[in-house]
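Throughout, residue positions are numbered sequentially from 1 according to the sequence presented. Indexing begins at 1, ligand by ligand and atom by atom, following the structure's order.
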Amino acid sequence: MNIVEIINKKRENKKLSKEELAFAFNGYLEESVKDYQMSSLLMAICINGMSDEEIFNLVDIFIKSGDVLDLSEIPGIKVDKHSTGGVGDKVTLIVGPIVASLGVPVPKMSGRGLGHTGGTIDKLESIPGFNVNLEEKEFINQVKKIGLAVTGQTKNLCPMDKVIYALRDVTGTVASIPLIAVSIMSKKIAGGADKILLDVKLGDGALMKTREDAKKLADIMERIGKFYGKEVMCEITDMNTPLGDNIGNALEVMEAMDILKGKECFLRDLCVDEASKMVSMSKGISVYAAKEEVLETLNSGKAYDKFLEFVKYQGGDITKLSVSNHVMDIKSTKKGIISKIKALNFGILSVTLGAGRVNKEDKIDYGVGIVIKKHLNESVNIGDTLCTLYVKDLNININPNDYFEII
Ligand code: URA
């Protein structure tokens, strides 16, 4: 077998056998297949897609690249969640502690930023000292002890996704239904939870731009979950507007804390909804009854305390969380009503500011990002601050009309 023949076959839109997929992907993990060859194969997959059989085979190859966690020693029904990615999506940082504070065990394997979308692992790494590389034993012990652990893919846990994900991020090969389904579901199955809530983001700032594609992704992920004996609940939610006010790693951790401390907003409502579904799935109670528990734990501060416990347990020092002290206000050049806040452009801007990667080796600047100051349907005057940028240097030129539509 030869990697160039495999690339050619996919380029010609022919199906790859399991042996060919294993040759290419395992070869990449073992470094006999090079970055440029895998990039080319990923692009051919992006353009030509994959059959269901290829997708299921690739999930199996990804899962077998590491261990599948056996969480049976953790009592209770373990529930995981995953978002397909968006701009300002810090839901895991809020929902994880809420759900864990209600006694539902949450073992979560997350990813880094991907394309213009942010990643939970990068956000958590903005907290000085936070360890995102838990060994299997540490991961299990932590869920047993405090109910919540979040880890990245490590040597033992889905290492294939770690290397392919990093390559997709910088080769324009993110937006592919088969590659997204394989990436998410291999992590979820290796992560060992009993039940999984999947949030498929739809819209300008999401990887799925049409409802038809979002449904296709939801459908294939549900079928993969079922095949591996997992109960999967899928929802499709809006990503035309950034999720919350803050975009950028440390800034998003700060906003997650504000919400856990009581800030009312659309993002909080979404988190209450997702947390209620997870609690309902784990405890076998109605979503309505679960919502009452969720609101109680949020309002009483128990969910916030769980967040602090979780950060400390993974070595993070939340008192040292910081953002850049170079700030720039972006002012409106128009008077009117805000009719659109362009999530995709904000996602690209945050990568340009340094909150995401353009090259694999890039180091993220955890302290940069954006805080949105004006919201949908709000009226603005010329000179009003629309958003504030936290930047490395002040030499940046922004046209507010690329980010806000004002009518
Ligand atoms: N989230 C993932 O974990 N993988 C993807 O490919 C996209 C979103």
Open item on the list: Would the distance check show the side chain of Arg168 and the main-chain N or O of Thr173 forming a donor-acceptor pair, the cut-off being under 3.5 Å?
Closed with: yes
Task: Residue pair Lys373 / Thr388, side-chain donor-acceptor N/O under 3.5 Å - done: yes
Task: Structural part of Leu114 in contact with ligand 1, heavy atom criterion under 4.0 angstrom - done: side chain
Task: Numbered atoms of ligand 1 (with element) below 4.0 Å of Ser183, judged on heavy atoms - done: 2 (C), 3 (O), 4 (N), 5 (C), 6 (O)
Open item on the list: I'd like to know if Asp199 pairs up with Lys201 as an ion pair, taking the criterion as any Lys NZ or Arg NE/NH1/NH2 lying under 4.0 Å from an Asp or Glu carboxylate oxygen.
Closed with: yes
TODO: Starting from atom 1 (N) of ligand 1, locate the nearest protein heavy atom and write down its residue, its atom name and how far away it is, to 0.1 Å.
DONE: His82 NE2, 3.4 Å
Task: Proximity of Tyr366 and Phe130 rings by center, below 6.0 Å - done: no
Task: Nearest neighbour in protein (non-hydrogen) for atom 3 (O) of ligand 1 - done: Lys187 NZ, 2.6 Å
- [ ] Using only heavy-atom distances, determine whether the side chains of Asp89 and Ser83 contain a donor-acceptor pair under 3.5 Å.
- [x] yes
Open item on the list: Just to be sure I read this right, does ligand 1 sit under 4.0 Å from the backbone of Thr84, its side chain, both, or neither, counting only heavy atoms?
Closed with: backbone
Open item on the list: Need the ligand 1 atom indices (1-based, order shown) with element for anything under 4.0 Å from a heavy-atom of Ile184.
Closed with: 1 (N), 2 (C), 3 (O), 4 (N), 8 (C)
